[in-house]
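A, B, ... follow the sequence lines: proteins, then strands. Residue 1 opens every chain.
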Protein chains: 2
Amino acid sequence: MNVTGHTRRPASIRDVATAAGVSYQTVSRVINGHPSVRPSTRERVLAAIDELGFRRNATALALASGRSRAVTVLTANTTHYGYASILQGIEEAARAASYAVGIGVLESAEDTAVAAEVQRAADAGGGIIVIAYDPAGVRALGAVPAGLPVVGVVETPASPPGGDRPWVWADDREAAYQATRHLLALGHETVHYVAIPSSTRRTSARTSGWRQALKEAGAPEPRPAQSSWGPAGGHAAGLELAKDESVTAILCGNDDLALGVLRALHEAGRSVPGEVSVAGFDDAPHSAFLTPSLTTVRLDFTGLGRAAFALLHGVLEESAPVAPHPVSVPELVVRESSGPPPS
Amino acid sequence: MNVTGHTRRPASIRDVATAAGVSYQTVSRVINGHPSVRPSTRERVLAAIDELGFRRNATALALASGRSRAVTVLTANTTHYGYASILQGIEEAARAASYAVGIGVLESAEDTAVAAEVQRAADAGGGIIVIAYDPAGVRALGAVPAGLPVVGVVETPASPPGGDRPWVWADDREAAYQATRHLLALGHETVHYVAIPSSTRRTSARTSGWRQALKEAGAPEPRPAQSSWGPAGGHAAGLELAKDESVTAILCGNDDLALGVLRALHEAGRSVPGEVSVAGFDDAPHSAFLTPSLTTVRLDFTGLGRAAFALLHGVLEESAPVAPHPVSVPELVVRESSGPPPS
DNA sequence: CGCATGAATGTGACCGGTCACACAAGGCGC
DNA sequence: GCGCCTTGTGTGACCGGTCACATTCATGCG
């Protein structure tokens, strides 16, 4: 252990080499586990490393070797539950693999701003993971220069993506399908949908899962209400829907939206689930404790983050385990906010 | 612009130098804005930079200069609203200053695990910001080796900290004081408190603000209920408190806790705010949309994050603006969950 | 008019690692 | 006993920047 408290320049491999009476290259061999080093030599070097408190300089390593053992996560937001959970999953897997995790927030979806952020991420050196659930993220994913190692966390693709696109996703189309079927099975004539902003111009995966379930059941398909990400958007959409007496079931693009809808229905004097059933999406931690508690579909965001990192890891390193996506399937969680329609 | 699509090795300053017909040092001068470069020369260099699509290699810069323009944020969690908002504030300020933001999650509060994370952060090179609201964070803050540039985001210190400790905080003691006074002013005999895990063995700042308000009002001081961070903890604490008929006002250490308490009171058949008033802490985005909507104290977490970065920036660079903490004061937000006690 | 001064530019070393290769010593086959 | 391969170790160049210093040339001043 280094007991000389002085904050001097940290020891380099040459310092260690001098202390151990070998060349710097031998030290390099020891710290990299190279086989042809005599055990006694290795011993001396390890002792010197310990004594000097040597730690390999990550910057120099990155410069010399080209490998930087770092990931930068690009995301439009860090506070939304889903995004934050994905980030946490990525960090967890990265930590296990001794990778550093950087973060870049896409504050605006404007092209030049997005391009600047992508550049910054590229400058950082390592791999890039883009959370592409929203326009900013999708744009960022598209703006990453070819050749850079990048993985996208995306919505369920409309069709199984060609080739081996470096994408991961939770099956949110299936999740929307399940939730919609649940509501229909309760006897509702149809299910209205309050949508999160779609990531592309085309229909989002969640929307299409909902649509598919309606179609299969022969239920009429109301126009989805385009909303925002937060409860305020859900509240606004909910006030609109509350005016329509025929609305008895509402599926929301996420739990925050559902919260806003619940509040709007409450303000409009419509009881849940007595008059209107509501279901959310994501199973955020607070959803179980709302009154009424929220029926929702649990998505494994943390696992999704881990899968994203694993995929990137495989791209960056030959030796990395190339596991298939171990993202668990969505799970419908039925709580108090859904029930049969009023008779 | 670089239009040759080939993904070859990016241009270095020597490539630019050759293209512009100058030495690499001159290129270095141009990109660093050194004054003594002839305008015509500067022009040629800039043209070459543009043509080759040159970008300064951050890794090499860090290695050669020692300055890495990077911050690592150590936090116990990325999904809780307060933590995530602080992170977002840090990132925002860091981005404005062209700093990279890294993140390390303190998954366990165990000493060796914390020490390992701190080491990783130190290895990253730049400054460190520790979110020290919980035992893991506090331990991490203490484990940072002397001499490293570090800023702690802490609870309000018990006494104005000696010297110029590199700490920032929102005035959460004042916030708790305000919330408690609000409840007392409504006529409640006393206010019960459901506490977040205290960051130290001693009493947390929020607890002491609450206690101070009670003392000033001459109200009896019930034993605070020690809880966790999430709604589940609040729920458990709330079920206990609901058994006690004399409880008419409950202050919660954060909004998630308050949510759990609201649910517990609902389950116990006690109306809010008719029989019991509840107040939270933080003003999370969903709190305004709960039913009943939650009275809470808004804390400027984003500003706190920005302040933390500004302070660190000042430590790392002479030239950085050394602004005083611009963290806004806590603001009481009165909503539906608080009212006069039952008569 | 000569020399000190400063602007504009170039050269070599260095940051702390890795990589490619050279080289010495020991074991083995022929 | 000679050559050859293997094992263990050292040397020099390099990654892409910065820094300290040297050099050149024009200018100002005594």
Side-chain angles (χ1 to χ4, degrees), chain A residues 8-46 48-49 52-70 98 100 122-126 316-318, chain B residues 8-46 48-49 52-70 98 100 122-126 316-318:
Chain A
R8 50 159 59 88
R9 168 164 7 85
S12 75
I13 55 168
R14 315 202 192 225
D15 300 328
V16 173
T18 309
V22 296
S23 77
Y24 53 83
Q25 181 59 261
T26 299
V27 176
S28 174
R29 288 193 182 96
V30 169
I31 59 187
N32 288 300
H34 189 98
S36 47
V37 175
R38 190 172 310 170
S40 63
T41 309
R42 182 190 314 277
E43 210 55 45
R44 284 214 314 285
V45 171
L46 288 175
I49 286 177
L52 298 179
F54 167 82
R55 303 214 94 217
R56 187 222 241 102
N57 180 319
T59 305
L61 173 62
L63 179 60
S65 70
R67 308 179 268 281
S68 68
R69 296 188 84 75
S98 298
D123 288 350
L316 291 173
E317 290 181 40
E318 285 297 320
Chain B
R8 51 159 58 89
R9 185 192 318 113
S12 75
I13 55 167
R14 319 204 186 222
D15 300 328
V16 173
T18 309
V22 295
S23 79
Y24 53 82
Q25 181 59 259
T26 300
V27 176
S28 175
R29 289 197 181 92
V30 169
I31 59 186
N32 287 303
H34 189 98
S36 47
V37 174
R38 190 173 309 168
S40 63
T41 309
R42 184 190 311 278
E43 211 53 46
R44 286 215 315 284
V45 171
L46 289 175
I49 285 177
L52 298 178
F54 167 82
R55 304 213 94 216
R56 184 223 241 105
N57 180 320
T59 305
L61 173 62
L63 179 59
S65 69
R67 306 178 270 280
S68 67
R69 296 188 85 72
S98 298
D123 289 349
L316 291 172
E317 289 181 39
E318 285 297 319

Could you list the donor-acceptor pairs under 3.5 angstrom formed between side-chain atoms of residues 14-22 of chain A and any protein atom two or more places apart in sequence or on another chain?
{"residue": "A/Asp15", "atom": "OD2", "partner": "A/Ser12", "partner atom": "N", "Å": "2.9"}
{"residue": "A/Thr18", "atom": "OG1", "partner": "A/Arg14", "partner atom": "O", "Å": "2.8"}

Hey, what are the protein-to-nucleotides 20-28 of chain D N/O distances that come in under 3.5 Å?
{"residue": "D/dA20", "atom": "N6", "partner": "B/Gln25", "partner atom": "NE2", "Å": "3.1"}

Write down the distance between [atom1] ([X]) and [atom2] ([N]), rounded to a whole number of angstrom.
X        : N      : atom1 : atom2 : result
A/Asp123 : D/dG17 : CG    : P     : 11 Å
B/Arg14  : D/dC14 : CZ    : P     : 10 Å
B/Ile13  : C/dT11 : CD1   : P     : 13 Å

Quick one: side chain to side chain contact (heavy atoms under 4.5 Å, CB included) partners of [X], sequence neighbours excluded?
X       : value
B/Ala62 : A/Thr59, B/Ser68
A/Arg29 : A/Gln25, A/Thr26, A/His34, A/Val37
B/Arg67 : B/Ser65
A/Ala60 : A/Asn57, B/Leu63

Quiz item: Which residues pass the salt bridge (charged side-chain N to carboxylate O under 4.0 Å, His left out) test with A/Arg69, sequence neighbours left out?
Solution: A/Glu317
Self-check item: Contact under 4.0 Å: A/Thr26 side-chain N or O vs D/dG10 OP1/OP2
Solution: yes
Quiz item: Is there a side-chain polar atom (N or O) of B/Arg67 under 4.0 Å from OP1 or OP2 of D/dC19?
Solution: yes
Quiz item: Quick one, which residues of residues 55-65 of chain B touch DNA chain C with a heavy atom under 4.0 Å?
Solution: B/Leu63, B/Ala64
Exercise. May I have all residue pairs that pass salt bridge (Lys or Arg N to Asp or Glu O under 4.0 Å) and include part of residues 52-65 of chain A, sequence neighbours excluded?
Key: A/Arg55-B/Asp123
Quiz prompt | Members of residues 32-41 of chain B that approach DNA chain D, where some heavy atom sits under 4.0 Å away | solution = B/Asn32
Quiz prompt | DNA chain D-proximal residues of residues 15-24 of chain A, any heavy atom under 4.0 Å | solution = A/Val22, A/Ser23, A/Tyr24
Quiz prompt | Difference in axis direction between the ends of the helix from C/dC1-D/dG30 to C/dC30-D/dG1, five pairs, 10° | solution = 50°
